[in-house]
Amino acid sequence: MNLATSIQYLKGVGEKRAANLRRLGITTLGELLAHVPRAYEDWQTITPIADAQPGQLCCVRAIVDHAPSEHRIRGGLTLYKTRVTDGSGVLNITMFNTGYLAGQLKEGQAYLFYGRRSDNLLACEMNSPQIAPSDEARLRPVYPLTEGISSRVLEGLVTTALTQVGTQVKEFLPDELLTEHDLMPRLAALQAIHCPESLEQAQQARRRLAFNELFTLQLGLRLLKLGRAQTQAIALPPTDFLSTLPFTPTGAQARAVAQAAADMATTQPMHRLLQGDVGSGKTAVAAALMHQAAQAGAQAAMLAPTELLARQHHATLQKLGLDCALLIGSTPAAQKRKHKAALEDGTQPLVVGTHALLQHDVNFARLALLVVDEQHRFGVDQREKLAQQHPHTLVMSATPIPRSLAMMIFGDMDITVLDELPPGRTPIETYAVPEQLRERAYNYVKKHLDAGQQGYIVCPRVEESESRDLASAKQFYEQLAQGQFAGYQLGLLHGKLPAKQKDEVMRGFAAGDVQLLVATTVIEVGIDVPNAVIMVIENAERFGLSQLHQLRGRVGRGGGQSTCILISNAENEDAQARFAIMKDSADGFEIARRDLELRGPGEFFGQRQHGLPPFKIADIAADHELLAQTRAAAEGILAKDPSLQFEENQPMRRACEKLFAE
């Protein structure tokens, strides 16, 4: 057996259990060992029965007074009852439908009982405790689970796997790095995180394994950047495009264009991230750079994740004086052929498109600049087709990320932040109201619709499953269309709609045919309708600050006053703090910073959303100090061996290749 052996062949697994483990992402023994505990139960601290606090988890070591007695009750349930004592007090134990477990308890023998003490008028009790032999007082791991797999099952499987293949876990960091950062050896860390002797040891193990993930990421990003430095792009002389615009650019836009234009004037491919809040003018910056490419006799392509967004970018570029082709899925076949031919022979310098630009039959004569909007919505393989031509690349994102983190996450990119909004933007009025005032909020929406304006209602969030989300969206839409908003033109938008239908709904809304758009968070990116001035967000407590801010950014895009109403009955401090920040701040970067503070990192970074690797242990925001250490460590290694060619660095190189291949 080795780390790559299928989990099915581990003793105690078999086909059915292997299928359950696959739902946890565990298909091999190596993946089983990488499935680390999310917490620990303290069976190490033994609490006398007399000192156990009602309602609190504790572990008592006590002797069984008598074999459990069986009691049948209504509903087919069977109770097993016994009494245990430890000299300080007596505890009544009740177990439900666990005849096998009850049968293991022998009169006069000591066991560990882990659970919550609960008292009644006559005695103190513990219902449904976990039970273990009296000599197993230790920290017990609690794993992320799925149906059919318990923490105890995983604990047993991990113990077996460590015994059989643990020694095959090889160290991949050099000794000096382990010493410098006070890190445990890799195998010792893996053993300690699954079977720690103390919480301190578990924390040390977690730190070492998180270091592995972050260091590999940092090393790989820097290798990518160094690799790009070996390729050549087309040098594009800067132009004075901004002076031709019908408005005065912000200082931030002028700085962004100057930085990127200087990058593009050399043959080293630019790879720059342009971060800007909703409405900060990212498209105008992209326009200046695309103009720079066209003026040099080269080509530029802008890639957008949806047809609506592609259309919006295309319209903006046309207004700014650029002659652009539009290539999207719904472009008529004859037009597509014409655009493709013009791109291939070089007579069409600029194009905006969706995934349609990535088709095998789309070829460029001289692609010099690639602008990608919301890069995380495209697969790596998709983007690779255009990247093979080594163009200068500008990645645009409207998702604010605190700069210190962005520099580490996007370590292979230079970063520009648009931190100014164009003048004349009216702040969006934001209110948080309880559910009892929903009717009043809806009446306020109707006033705007009656005045010829448009609005959004964001569906209540359902967390259980995607299918429940879909059912909820449809049901909510029908409820509104037949109830409070009967007689108004409503549209429904959710992620499961076919692309063509989704595009039709969004076009209807943009054209004004739909007065009120009932939507899920699919509207978070890519809808620009200046006439939409009011938004209601249901169950607002279920959204993070950054997501609330992104949703709110769909209104306030015209010149007049816009309003966002957050409906929630949540009274907890966290929700109230979020609502207060939303009412007080319109700065996406400040909101992102507060979001990190309030929610912690796990919820702030949806890894799929940001294209981050699926870390098992590391936490981008919580581990920011470790992130800084791994960044410095990666730079130190590459300063001595820029392409990891030395023999001792080969394990690190293989780890990077594996991470980036995945």
Side-chain angles (χ1 to χ4, degrees), residues 228 232-304 309-326 342-343 346-353 357 364-373 386 389-398 413-425 528 557 559:
R228 270 197 298 273
Q232 287 210 327
I234 300 168
L236 307 168
T239 63
D240 191 21
F241 178 76
L242 290 184
S243 65
T244 69
L245 294 176
F247 56 85
T248 303
T250 64
Q253 284 175 313
R255 284 192 299 275
V257 171
Q259 287 173 350
D263 289 349
M264 289 163 48
T266 73
T267 56
Q268 184 171 324
M270 172 182 78
H271 203 58
R272 188 170 284 278
L273 172 70
L274 179 64
Q275 270 194 293
D277 213 342
V278 172
S280 59
K282 294 182 294 296
T283 310
V285 172
L289 304 181
M290 293 174 79
H291 178 262
Q292 185 173 340
Q295 288 297 103
Q299 291 171 299
M302 182 186 281
L303 198 53
L309 195 50
R311 276 201 185 89
Q312 286 171 186
H313 283 318
H314 180 254
T316 303
L317 295 174
Q318 297 274 56
K319 278 181 199 164
L320 297 177
L322 297 186
D323 176 23
C324 270
L326 177 65
L343 291 172
T347 54
Q348 178 59 58
L350 305 179
V351 64
V352 178
L357 271 181
F364 289 83
R366 198 164 181 251
L367 183 64
L369 171 66
L370 174 62
V371 179
V372 187
D373 195 10
L386 295 177
Q389 299 177 56
H390 307 302
H392 299 288
T393 303
L394 182 75
V395 173
M396 301 197 298
S397 176
M413 296 184 185
D414 298 308
I415 297 175
T416 297
V417 176
L418 291 182
D419 51 8
E420 293 175 60
L421 288 179
R425 295 283 295 236
D528 184 3
R557 303 176 81 83

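Note that this is a predicted model, so its numbers are computed, not measured.
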*Taking side chain as C-beta onward, heavy atoms only, is L350 less than 4.5 Å from D323?*
no

*Does any pair with a residue in residues 287-300 pass salt bridge (Lys or Arg N to Asp or Glu O under 4.0 Å), and if so which ones, sequence neighbours excluded?*
none

*Which atoms form the tightest heavy-atom contact between R311 and L326, and what is the distance?*
CG-CD2, 4.0 Å

*Got a second to check how far M396's CE is from L274's CG, nearest 0.5 Å?*
7.0 Å

_Minimum heavy-atom distance A293-A300, with the two atoms named_ = CB-CB, 4.0 Å

Identify each donor-acceptor pair in which a side-chain atom of residues 236-243 lies under 3.5 Å from a protein atom, sequence neighbours left out, and give them as a table.
unit_1	atom_1	unit_2	atom_2	d
T239	OG1	H291	ND1	3.1
D240	OD2	S243	OG	2.9
S243	OG	D240	O	2.8

*Does anything in residues 263-276 pair up under salt bridge (Lys or Arg N to Asp or Glu O under 4.0 Å), and if so which pairs, sequence neighbours excluded?*
D263-R272

*Using the side chain to side chain contact (heavy atoms under 4.5 Å, CB included) rule, take Q292 and V257 through it: C-alpha gap first, then chi angles, then the decisive distance, then the call.*
CA-CA 10 Å; Q292 185 173 340; V257 171; 5.8 Å; no

_Contact list for residues 279-289, test side chain to side chain donor-acceptor pair (under 3.5 Å), sequence neighbours left out_ = T283-H313

*Output the distance between atom CG (L309) and atom CG (L303), rounded to the nearest 0.5 Å.*
10.5 Å

*Not counting sequence neighbours, list each pair that qualifies as a ring-ring contact (aromatic ring centres under 6.0 Å, His included) and has a residue in residues 245-266.*
none

*Got a sec, which residues hit salt bridge (charged side-chain N to carboxylate O under 4.0 Å, His left out) with R255, two or more places apart in sequence or on another chain?*
D419, E420

*Among all residues two or more places apart in sequence or in another chain, which pass the side chain to side chain contact (heavy atoms under 4.5 Å, CB included) test with A301?*
V351, L357, F364, L367, L370

*Checking H392 side chain against A233 main chain: does a donor-acceptor pair fall under 3.5 Å?*
no

*To the nearest 0.5 Å, tell me how far L322 CG sits from M290 CE.*
7.0 Å

*Give, for atom CG of L317 and atom CE of M302, the distance between the pair rounded to the nearest 0.5 Å.*
5.0 Å

*For the atom pair OG1 (T416) and CG (L273), what is the distance rounded to the nearest 0.5 Å?*
8.0 Å

*Output every pair passing salt bridge (Lys or Arg N to Asp or Glu O under 4.0 Å) with a member in residues 285-296, not counting sequence neighbours, ordered by first then second residue.*
none

*Partners of T267 by side chain to side chain contact (heavy atoms under 4.5 Å, CB included), sequence neighbours excluded?*
Q232, A235

*Look up atom NZ in K319 and atom NE2 in H314, then write down how far apart they are to the nearest 0.5 Å.*
12.0 Å

*Keeping the roles fixed (side chain from Q253, backbone from L418), state whether a donor-acceptor pair exists under 3.5 Å.*
no

*asked:* Which residues pass the side-chain hydrogen bond (donor to acceptor under 3.5 Å, both in side chains) test with T316, not counting sequence neighbours?
replied: none

*Determine which pairs satisfy salt bridge (Lys or Arg N to Asp or Glu O under 4.0 Å) with at least one residue from residues 283-292, sequence neighbours left out, and list them in order.*
none

*Shortest non-hydrogen contact from P349 to A298?*
CB-O, 3.7 Å

